[in-house]
Amino acid sequence: MTTLTVAKALNAGLRRALAAEPKALLYGEDIGKLGGVFRVTEGLQAEFGPDRVVDSPLAESGLLGTAVGLAARGYRPVVEIQFDGFVYPAFDQLVSQVSRLRFRTAGRISLPLVLRIPYGGGIGAIEHHSESPEAYFAHTPGLKVVTCATPEDAYWMIQQAIADDDPVVFLEPKRRYHDKGEVDIEQQSASTSLYSARIVKPGSHATLIAYGPMVRTCVEAALVAADEGIDLEVIDLRSLSPLDEATIIASVKRTGRAVVVHEAVRTLGMGAEIAARIQEHCLYDLEAPVLRVTGYDLPYPPSRVEEGYLPDLDRILDAVDRSLNG
Amino acid sequence: MTTLTVAKALNAGLRRALAAEPKALLYGEDIGKLGGVFRVTEGLQAEFGPDRVVDSPLAESGLLGTAVGLAARGYRPVVEIQFDGFVYPAFDQLVSQVSRLRFRTAGRISLPLVLRIPYGGGIGAIEHHSESPEAYFAHTPGLKVVTCATPEDAYWMIQQAIADDDPVVFLEPKRRYHDKGEVDIEQQSASTSLYSARIVKPGSHATLIAYGPMVRTCVEAALVAADEGIDLEVIDLRSLSPLDEATIIASVKRTGRAVVVHEAVRTLGMGAEIAARIQEHCLYDLEAPVLRVTGYDLPYPPSRVEEGYLPDLDRILDAVDRSLNG
Amino acid sequence: MTEPQAGPDFVQLLDPQGNRVENSDFSYSGSDSDLADALRDLVLTRRIDSEATALQRKGELGLWPPSLGQEAAQVGSARAFSKHDIIVPSYREHGVAWCVGIDPVDMLSTFRGTGMTDWASRPDNFHPYSFVIGTQTLHAVGMAMAQQRDGVVGNQNPEDSGATIVYFGDGATSQGDVNEAFIFAASFAAPVVFFCQNNQYAISEPTTVQSRIPIYRRAAGFGFPGIRVDGNDLLAVQVVTDWAMDYARKGNGPVLIEAYTFRMGAHTTSDDPTKYRNDTELEAWQAKDPIERLRTYLLRVGAIDQTWLDALAVESDQLAERLRTGCVNLPEPRLADYFEQVYAETPEALLDQRDQHLAYEASFLEPR
Amino acid sequence: MTEPQAGPDFVQLLDPQGNRVENSDFSYSGSDSDLADALRDLVLTRRIDSEATALQRKGELGLWPPSLGQEAAQVGSARAFSKHDIIVPSYREHGVAWCVGIDPVDMLSTFRGTGMTDWASRPDNFHPYSFVIGTQTLHAVGMAMAQQRDGVVGNQNPEDSGATIVYFGDGATSQGDVNEAFIFAASFAAPVVFFCQNNQYAISEPTTVQSRIPIYRRAAGFGFPGIRVDGNDLLAVQVVTDWAMDYARKGNGPVLIEAYTFRMGAHTTSDDPTKYRNDTELEAWQAKDPIERLRTYLLRVGAIDQTWLDALAVESDQLAERLRTGCVNLPEPRLADYFEQVYAETPEALLDQRDQHLAYEASFLEPR
Ligand SMILES: Cc1ncc(C[n+]2csc(CCOP(=O)(O)OP(=O)(O)O)c2C)c(N)n1
Ligand SMILES: Cc1ncc(C[n+]2csc(CCOP(=O)(O)OP(=O)(O)O)c2C)c(N)n1
Ligand SMILES: [Mg+2]
Ligand SMILES: [Mg+2]
């Protein structure tokens with residue numbers, strides 16, 4: 001076991017993927033000499049050369065669009081978008097091309113492409129640097145959408161995503177880049193599929209459903225609740241598309257209460273889909289409405305007020321209270 | 001009263017807006033001499049000249065981005081995207097600029113811009129011509145998103161949208177362009193806000209919630225159901241953002257059952273948000289889960305199978321049956 | 001903009017009257033019998049197109065984008081392909097598709113709505129049609145970058161080298177994606193030939209809405225060569241494309257070709273060009289017809305005769321007949337099959353949706 | 001790419017040693033006292049920048065993008081504005097903002113996170129900063145189209161005419177939006193000056209990643225003039241911008257200016273340029289410092305003296321002090337206020353969310 005941050009675990013995972021798969025290549029703005037603005041690709045260009053770790057001109061549609069061509073011809077491009085807010089210029093390529101090439105060709109062309117995006121707020125940034133665009137992707141058939149919450153997952157999931165023959169949007173919780181954890185980098189392969197949810201903490205009174213940056217916050221909330229005698233189950237979804245519905249449903253059938261937590265705005269955020277599915281499958285098991293603790297329906301506000309904007313321990317516990325009394 | 005199709009009603013509404021508001025201008029690809037591929041702007045360039053009805057170079061980001069500049073300087077551009085599937089190149093301008101300029105300037109700059117998009121399937125088209133992208137927009141704070149279902153609404157809502165000081169995504173149900181209806185074009189102004197839902201048909205057994213192209217389908221379903229003694233309420237949302245939650249909730253509290261119908265894919269479609277809100281506000285009134293009758297989670301398939309893909313009368317009635325027996 | 005004249009800025013080797021034209025930079029090295037082969041492709045392309053248009057009129061196709069008038073630009077460029085090349089079409093390149101050996105019945109499936117864009121007879125180096133204007137130019141640059149990594153660029157033996165060619169229209173040149181494709185191609189010196197068919201219109205909009213200057217000059221602003229060719233002159237198109245592909249295959253980077261031509265038909269079968277253009281313009285271009293001039297030339301030099309043309313007419317009729325039967329016999333798709341074409345491994349929930357669909361469909365077979 | 005030399009392709013009127021340079025096309029018509037005013041703006045811009053950088057280091061700002069080294073490009077161009085002009089900055093134009101009269105304390109608010117991009121002292125013809133690379137170029141073209149409709153373009157009296165100027169970087173030239181802005185501007189002959197500060201880097205990427213040829217040459221491919229100017233030479237920048245704005249104001253359409261300069265500092269305070277560039281490069285550019293050369297010139301011709309410089313130093317210190325106090329005293333925002341800034345009329349549901357937020361916040365004040 002090695003202690004790594006999320007950022008370093010991603011770096012290690014990318015290195016291993018590049019070594020194992022000659023067709024894999026990293027591609028993005030400032031990922032070469034600089035190693036990316038978050039240093040996730042640090043040292044990799046020096047190690048694998050500028051044809052495997054490629055600095056792209058400053059244009060996201062061009063970046064993703066040319067990656068489509070590379071992937072269609074057998075390469076496995078791992079594209080980095082510098083910040084969440086800069087994925088939108090590539091949206092057409094993502095929605096109309098990346099997600100559909102297999103469908104358009106009756107399966108004849110695979111698109112083994114990974115789109116890495118540091119996402120989410122809480123880092124005191126200026127606008128466009130704290131977005132949570134995951135619902136746009138999860139609403140798009142043909143994309144897989146995953147996000148990691150721990151160094152261990154970061155290390156394995158990035159390798160699994162690169163090995164996947166489908167396009168995967170890989171969301172990296174940037175406020176957790178420096179969180180540390182144990183990673184077994186000697187192990188041969190991941191022990192679970194990146195598309196299965198993880199029960200981080202079992203519990204019986206209510207289920208907290210989260211992913212990415214909010215997993216840690218939910219675990220902390222669960223610990224505080226435990227002190228008050230409230231036993232919360234915490235689920236880390238890991239995959240937002242496909243959703244591991246079975247794990248969610250089984251948990252809520254047991255606890256009868258669910259709170260979904262995410263940074264993204266409430267309306268049509270992941271919480272909407274999860275609440276819709278829960279009520280569809282467990283209406284008669286529900287002791288209270290599924291509640292959502294989310295960003296408010298605002299553009300991401302200035303950093304001095306982001307603390308109030310983002311779900312935190314207290315807002316989560318407040319929702320748990322409402323659920324338990326609801 | 002005059003009998004008009006939806007397309008002609010839009011044309012009449014646009015004409016009246018251009019006449020009434022010197023700052024209004026129409027802007028899009030092929031909207032001039034050709035009158036747009038659906039002829040919605042037919043005759044308007046001849047009448048108002050090429051500075052008021054402007055043919056744009058073939059680039060949607062450029063089209064919307066320059067419209068932002070026009071709107072920021074006091075004009076009221078009405079932008080036409082030729083087909084739903086071609087709005088994505090403009091997505092960055094829409095999500096990061098159009099929706100936020102007011103927010104970014106503490107309200108100092110208004111963006112009175114309308115983005116007209118013919119949308120939806122059922123017209124036997126090739127790919128990219130039958131999309132239902134509304135959830136992407138409704139998930140974006142700062143945009144208003146509306147859609148009309150009748151000639152009467154088409155006529156008034158487009159004028160109201162142009163008069164609105166906020167950016168409005170105006171979705172036009174292209175398969176209903178040729179539907180006819182009565183419009184009172186003499187009337188001075190609209191009788192209701194375009195942001196309020198319309199109860200198309202009151203009923204007591206269950207509520208059908210729809211918008212745009214599916215309103216007619218739901219009304220037809222309700223008529224068939226009535227023959228079988230099932231009394232369905234049909235709500236036409238008209239506005240997808242903001243949502244007229246009060247009308248929805250009041251109805252479901254009365255009927256205890258709800259079925260949401262849309263063409264867009266199920267996952268994270270409008271049905272998700274509506275189901276989430278209904279269970280949040282009426283959990284204890286619900287006799288059955290909120291059901292969703294939607295497009296399947298596929299890219300829009302080839303036209304020879306679109307009939308099976310799109311919600312139709314039978315699929316709606318089937319869901320109503322399940323709701324009534326659920 | 002005035003009409004271009006034969007000369008250094010407009011390569012023409014066969015004039016509208018069917019006379020060979022001298023050019024200081026380019027000359028056609030093929031034989032007249034090669035040109036007869038080419039004429040056959042031009043004629044059959046036109047027949048595929050007119051037949052498909054007719055099938056649409058009869059309601060057998062939902063839509064068809066005619067290639068009428070652009071045959072020389074398409075067939076001429078296709079004659080410059082070699083085995084390591086990759087071809088990325090837009091949606092109107094029926095002549096190119098024909099030349100790479102695609103069964104035209106396959107092409108119809110997309111427009112009949114019995115399939116998406118894949119065709120069983122499509123060779124792997126021919127990318128599927130694209131319908132979002134300009135997007136395919138970026139894919140092409142990426143494929144050219146793949147060729148660089150595959151080691152098929154700049155090899156000693158030209159036979160071992162390949163490049164990518166991508167087709168797009170005059171309207172497409174306004175799209176950000178196309179200009180980004182220029183950027184990426186130049187930055188990576190990618191072996192890609194940008195083949196712009198300037199057919200004078202983007203639906204109803206004349207090229208002047210997109211550009212005030214000739215399109216081929218765009219390339220210089222991005223640091224690579226641009227060249228304009230008479231797109232209705234098969235010889236010139238073939239020779240210029242040959243040169244450009246070779247330039248790219250050798251590792252010199254991208255080239256932009258503007259094939260100056262005319263969309264003689266409607267934009268698509270849904271379009272009504274009388275709304276925005278007049279007969280005079282059409283007539284002027286009819287006088288420059290790409291097929292007519294090559295036939296005139298070949299008849300004059302005696303490379304073909306009436307018997308040859310009669311045989312071609314028979315072949316053309318047979319092809320048309322095959323299209324008509326092939327079209328109506330295209331297998332009807334089943335919605336259920338599409339659920340497994342979205343992902344390499346289909347998620348559970350999507351299989352559930354398929355099963356719901358199947359169960360629902362089955363319920364109609366039973367009495368309700 | 002080799003360093004450009006003074007001449008027809010690189011307008012320079014004051015060399016790095018502070019000597020005036022002859023140019024056949026352009027000459028500076030202002031007085032030395034005008035230049036002394038300009039020097040003051042350069043010096044104060046640099047002071048604002050260094051003070052903001054220091055404030056970031058002290059944790060008072062979250063981020064700051066330094067303008068160090070680009071002062072002449074910014075102040076020089078700003079001196080060409082007239083009353084009907086519209087100015088559209090990117091995010092590094094602190095010198096331009098200063099020249100149009102914006103209170104630099106306002107600028108800090110965005111980077112302290114106490115506000116979005118609006119500043120109380122912002123004049124209406126100065127658009128807010130933009131952070132998504134290149135998007136603002138399209139807004140600028142739209143504003144220029146608004147000017148056409150407002151009747152402020154091509155008027156007899158030049159005083160009654162205006163144009164729009166938009167700032168962006170070398171990296172931005174790769175974005176589709178910027179190239180589409182070129183297209184739209186050319187197509188509508190919009191009165192817009194594209195002012196590209198080529199500061200040699202887009203974060204870590206040298207300009208060569210974006211373009212193999214000088215950026216000003218991009219314009220020719222779109223059919224409008226492009227010109228390269230020594231961006232560290234205030235005189236040249238001002239004169240060239242004057243010419244370009246005038247050209248646009250008269251209704252001749254767009255112009256691209258490439259101001260060749262250097263980002264002497266980090267990309268932002270989060271950046272570490274030692275990872276990707278070396279000291280030699282920095283030193284070579286330090287020798288071309290925009291302030292140094294103007295000061296040398298003005299001292300030599302006697303337009304300023306040490307007393308003048310001392311007074312400026314005092315003014316500069318006062319400004320710095322005002323920035324320090326102003327920064328920490330920027331009013332703290334309240335999240336609750338933002339709910340009403342999304343829409344002209346705030347929807348019910350959003351007011352409900354605000355009330356939930358307020359109620360929740362209030363719950364902390366009571367004992368729980
Ligand atoms: C992004 C996008 N916008 C709009 C359209 C609608 N559309 C289809 S073809 C066309 C015109 C294309 O013109 P051009 O590039 O000149 O090609 P041509 O059709 O003349 O071959 C338009 C606007 C589209 N397919 N994609
Ligand atoms: C669309 C987009 N992609 C990426 C970024 C991240 N980013 C911020 S500044 C920058 C470099 C910009 O370079 P340039 O245009 O030369 O301007 P400079 O910073 O040198 O002034 C990048 C990549 C962004 N802000 N927007
Ligand atoms: Mg065209
Ligand atoms: Mg730069």
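Letters A, B, ... are given to chains in the order of the sequence lines, protein chains preceding strands, and every chain is numbered from 1. Side chains included, hydrogens not; waters and symmetry mates left out as well; all remaining heavy atoms used.
Relative ring orientation between C/Trp64 and C/Phe111 is described as perpendicular, the plane-to-plane angle rising above 60° on a 0-90° scale split at 30° and 60°.
Interface remark: A/Asp244 contributes no atoms to any contact with chain C (heavy atom separation under 4.5 Å). Both the backbone and the side chain of C/Thr117 come within contact range of chain A, with heavy atoms under 4.5 Å apart. Of the atoms belonging to A/Lys23, it is side-chain heavy atoms, and not backbone ones, that fall under 4.5 Å from chain C. With a 4.5 angstrom heavy-atom cutoff, A/Arg104 touches chain C via backbone and side-chain atoms both. Proximity to chain C (any heavy atom under 4.5 Å) is restricted, for A/Leu101, to the side chain, taken from C-beta onward. For A/Ile109, the part lying near chain C is the side chain, with the backbone staying farther off; criterion is any non-hydrogen pair under 4.5 Å. When heavy atoms are compared at a cutoff of 4.5 Å, A/Ala72 approaches chain C solely by way of its side chain, counted from C-beta outward. The contact between C/Tyr338 and chain A is made by backbone and side chain atoms together, counting heavy-atom distances below 4.5 Å. At a 4.5 Å heavy-atom cutoff, the contact between A/Ser96 and chain C is made by side-chain atoms alone.
Heavy-atom minimum distance, C/Val342 versus A/Pro141: CG1-C, 4.3 Å. Residues A/Gly212 and A/Asp236 come closest through the heavy atom pair N-OD1, 4.4 Å.
Side-chain contact between C/Leu138 and A/Val68 is absent, with no heavy-atom pair separated by less than 4.5 Å.
For C/Gln156, the CD atom counts as loosely surrounded, since its 6.0 Å shell holds 12 or fewer non-hydrogen atoms of other residues, nucleotides or ligands. The environment of A/Glu47 atom CD is dense: over 12 non-hydrogen atoms of other residues, nucleotides or ligands sit within 6.0 angstrom.
Taking chain C as the reference chain and counting heavy-atom pairs below 4.5 Å, the highest number among A/Ser56, A/Ala67, A/Ser61 is found for A/Ser61. For chain C, the option among A/Leu25, A/Val54, A/Asp51, A/Asp165 with the highest count of heavy-atom pairs below 4.5 Å is A/Asp51. Per-residue heavy-atom pair counts under 4.5 Å with chain A were compared for C/His127, C/Arg122, C/Met116, C/Met145, and the maximum is reached by C/Arg122. Between chain A and the options C/Val141, C/Ile86, C/Thr137, C/Leu350, the largest number of non-hydrogen pairs under 4.5 Å is found for C/Ile86. Each of A/Asp92, A/Leu111, A/Asp164 has some count of heavy-atom pairs under 4.5 Å with chain C, and the biggest count is that of A/Asp92.
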Report task. For salt bridge (charged side-chain N to carboxylate O under 4.0 Å, His left out), just list the numbers for A/Arg198 and A/Asp153, CA-CA rounded to whole Å, side-chain angles, deciding distance to a tenth of an Å, and then say yes or no. Result -> CA-CA 10 Å; A/Arg198 184 170 67 99; A/Asp153 268 3; 3.7 Å; yes

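The structure places CD of C/Glu93 at 10.5 Å from CE of C/Met107, a figure rounded to the nearest 0.5 Å.
The only member of A/Val168, A/Val146, A/Leu14, A/Leu194 that meets side chain to side chain contact (heavy atoms under 4.5 Å, CB included) when paired with A/Ile158 is A/Leu14.
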